[in-house]
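Heads up: the structure comes next, in structure tokens.
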Amino acid sequence: MEEELLLVDAQTGRPRSVAAQVLRVAAERHEAGVGATRGGSLDHEFQQEQVETDTSPQRDLLLLEDEVRLWRDRAIRGGRDAKALVLATGTSPFGGDPSQVRESRYDELADRFGLTASEQLTCGCHVHVSVESAEEAVGAMDRIRSWLPVLLALSANSPFWRGNDTSYASFRSQAMARWPSAGPSEVFGSEAAYRAHVAALLGTGVILDEGMLYGDVRPSYRYPTLEIRVADVCLDVRDTVLVAALCRALVETAAAEWRDGIPAVDTSVSVLRLATWQAGRFGMGSELLDPQTSTPKPADEVVDALLRHCDDALRRSGDRELATQRLADLRRRGNGADRQRTALARTGNLADVIAEIARVTAGQVD
């Protein structure tokens with residue numbers, strides 16, 4: 001699991017460029033773990049107003065939950081020394097002008113992509129699920145693509161942007177769509193076809209490298225995993241683990257279908273973009289597009305269909321009870337976007353939204 005976290009001023013709630021200080025404090029306490037080959041680290045991201053955590057590989061989701069909490073806690077302790085709060089939110093409720101981390105690759109990104117790069121201050125959640133081969137990764141990617149908007153709806157946690165309610169549950173998904181290599185992928189059919197696709201994209205000269213393949217899902221270029229990138233960073237760690245459970249179940253289900261020769265649903269990229277927009281706009285509050293038919297259905301019905309689709313995989317991994325309970329909890333209290341808006345409705349003050357995000361990020365939940 002990789003989580004991008006926002007750093008804001010403890011007094012004003014506005015984004016604060018203190019990542020270097022947070023990481024320095026963590027390193028001094030031997031709590032950064034940077035350079036670990038199997039995960040488990042606190043590191044910088046594109047902007048100085050955010051940090052990224054990642055966990056080591058875990059089979060047991062409760063152990064994964066403990067580790068996500070550990071890395072959030074280490075980021076929070078580092079932030080405290082810098083007089084900053086650490087927020088698990090897809091976008092900052094308050095506006096601000098981000099300060100880019102100075103690295104040659106980031107400098108080139110900023111030069112090439114202009115305002116898209118300079119305004120890029122969004123926080124996502126990336127789930128890596130192990131695969132047996134590159135061929136299996138592509139086979140699974142082809143078969144989970146139509147389900148990914150459902151994960152976005154569940155994780156949606158970015159309703160505010162520069163002091164305004166955007167009317168979106170996930171405005172992060174809108175900000176990410178400005179990058180030329182973001183969004184849904186097509187059906188490839190084989191690892192060779194996928195590699196040819198990557199070569200063609202790199203050959204255009206538009207993107208810098210394979211790390212700029214910002215799609216909703218991709219075979220990792222660093223690990224033997226399929227990396228699912230569609231989700232907002234979740235406000236509540238319990239929702240993070242729900243997303244992880246569903247990602248693993250989707251990949252396991254898709255890999256079995258690939259081995260059995262069951263063809264992928266060949267939904268067009270254009271329709272998947274609409275499904276992703278719908279999920280980002282409304283979250284769980286309205287309709288989602290059914291992954292099998294691309295027709296609108298109540299969000300709860302589509303989520304239930306996802307659970308049925310993955311039921312065998314959830315049972316085999318022992319995750320079915322956890323996923324069912326966490327989903328019931330999410331439906332009862334709402335996703336991150338719902339909870340941020342509820343906090344604003346109580347007082348009408350975005351500062352109180354910041355305080356609520358910081359509280360839940362730190363695990364102080366009812």
Side-chain angles (χ1 to χ4, degrees), residues 3-6 13 61 65 68-69 72 85-93 122-125 127 147-161 164-174 230-247 275-289 296-307 322-366:
E3 287 196 310
E4 297 162 345
L5 302 169
L6 183 69
L61 289 180
E65 182 171 334
V68 174
R69 291 184 189 278
R72 283 193 181 192
L85 300 175
V86 174
L87 307 183
T89 178
T91 54
S92 171
T122 65
C123 296
C125 170
V127 183
W147 292 100
L148 298 183
V150 188
L151 300 181
L152 175 61
L154 290 168
S155 67
N157 183 34
S158 48
F160 303 115
W161 180 263
N164 297 306
D165 189 324
T166 65
S167 296
Y168 286 81
S170 170
F171 194 71
R172 168 191 162 272
S173 61
Q174 291 295 298
V230 71
D232 282 6
V233 66
C234 293
L235 175 59
D236 194 315
V237 169
R238 295 171 296 182
D239 296 344
T240 304
V241 174
L242 169 63
V243 170
L246 295 176
C247 285
T276 304
W277 183 91
Q278 181 81 357
R281 172 65 174 83
F282 297 107
M284 291 292 294
S286 181
E287 294 178 321
L288 297 173
L289 298 193
K297 290 185 179 178
D300 281 338
E301 289 186 17
V302 176
V303 172
D304 287 341
L306 185 153
L307 286 179
L322 180 147
T324 302
Q325 183 58 56
R326 293 291 173 87
L327 182 58
D329 292 342
L330 186 150
R331 284 168 159 163
R332 174 180 52 81
R333 52 179 157 74
N335 60 18
D338 297 327
R339 295 169 78 175
Q340 288 196 40
R341 287 192 170 113
T342 297
L344 181 64
R346 283 197 292 264
T347 66
N349 190 338
L350 277 176
D352 294 326
V353 177
I354 297 290
E356 177 68 3
I357 297 171
R359 185 182 75 85
V360 180
T361 299
Q364 300 168 16
V365 294
D366 298 331

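The CD1 atom of I357 lies 12.5 Å from the CG atom of D236; values are rounded to the nearest 0.5 Å. To the nearest 0.5 Å, the span separating OG on S158 from CD on Q340 amounts to 7.5 Å. The line from CD of Q278 to OG of S286 is 6.0 Å long, rounded to the nearest 0.5 Å. In this structure, the separation between CZ on R333 and CG on D338 is 10.5 Å, given to the nearest 0.5 Å. For the atom pair OG1 of T122 and CD of Q174, the computed distance is 12.0 Å after rounding to the nearest 0.5 Å. Note that CG of L154 and CZ of R331 are 8.0 Å apart. Values are rounded to the nearest 0.5 Å.
Counting only heavy atoms from C-beta outward, the side chains of E356 and D352 never approach each other to under 4.5 Å. Proximity of L289 to P149: side-chain heavy atoms (C-beta onward) are nowhere separated by under 4.5 Å. Annotation: side chain of D304 is not in contact with side chain of E301 (no heavy-atom distance under 4.5 Å).
Checking E4, E65, E3 one by one against R72, the salt bridge (charged side-chain N to carboxylate O under 4.0 Å, His left out) holds for a single residue, E3. Applying side-chain contact (heavy atoms from CB on, under 4.5 Å) to L246 and the options V303, L151, L327 leaves one that passes, L151. When each of N157, T361, V243 is paired with C234, the side-chain contact (heavy atoms from CB on, under 4.5 Å) condition holds for V243 and for no other. Residue L87 is tested with V233, I354, L235, L5 for a side-chain contact (heavy atoms from CB on, under 4.5 Å); the sole match is I354.
Of all non-hydrogen atoms in N335 and A156, the two that sit nearest each other are CG-O, 3.4 Å. In this structure, M284 and D300 approach most closely via the heavy-atom pair CE-OD1, 3.5 Å. In this structure, T91 and F171 approach most closely via the heavy-atom pair CG2-C, 4.5 Å. Nearest heavy atom pair, residue G283 against residue L288, reads O-CD2, 3.7 Å. The minimum heavy-atom distance linking L6 with T89 is given by the pair CD2-CG2, 3.8 Å. Here the closest heavy-atom approach between residue R341 and residue Y168 is recorded as NH2-O, 2.9 Å.
No side-chain donor-acceptor contact under 3.5 Å links S155 to the backbone of A231. Put simply, the side chain of T166 never gets that close to the backbone of F160: no donor and acceptor are under 3.5 Å apart. Here the side chain of R326 pairs a donor or acceptor atom with the backbone of R238 at under 3.5 angstrom.
Using the six-membered ring where Trp is involved, F282 and W277 have ring planes that are perpendicular, over 60° apart on the 30 and 60° scheme.
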Test side-chain contact (heavy atoms from CB on, under 4.5 Å) on R339 and V365; report intermediate values, then the result. CA-CA 12 Å; R339 295 169 78 175; V365 294; 4.2 Å; yes
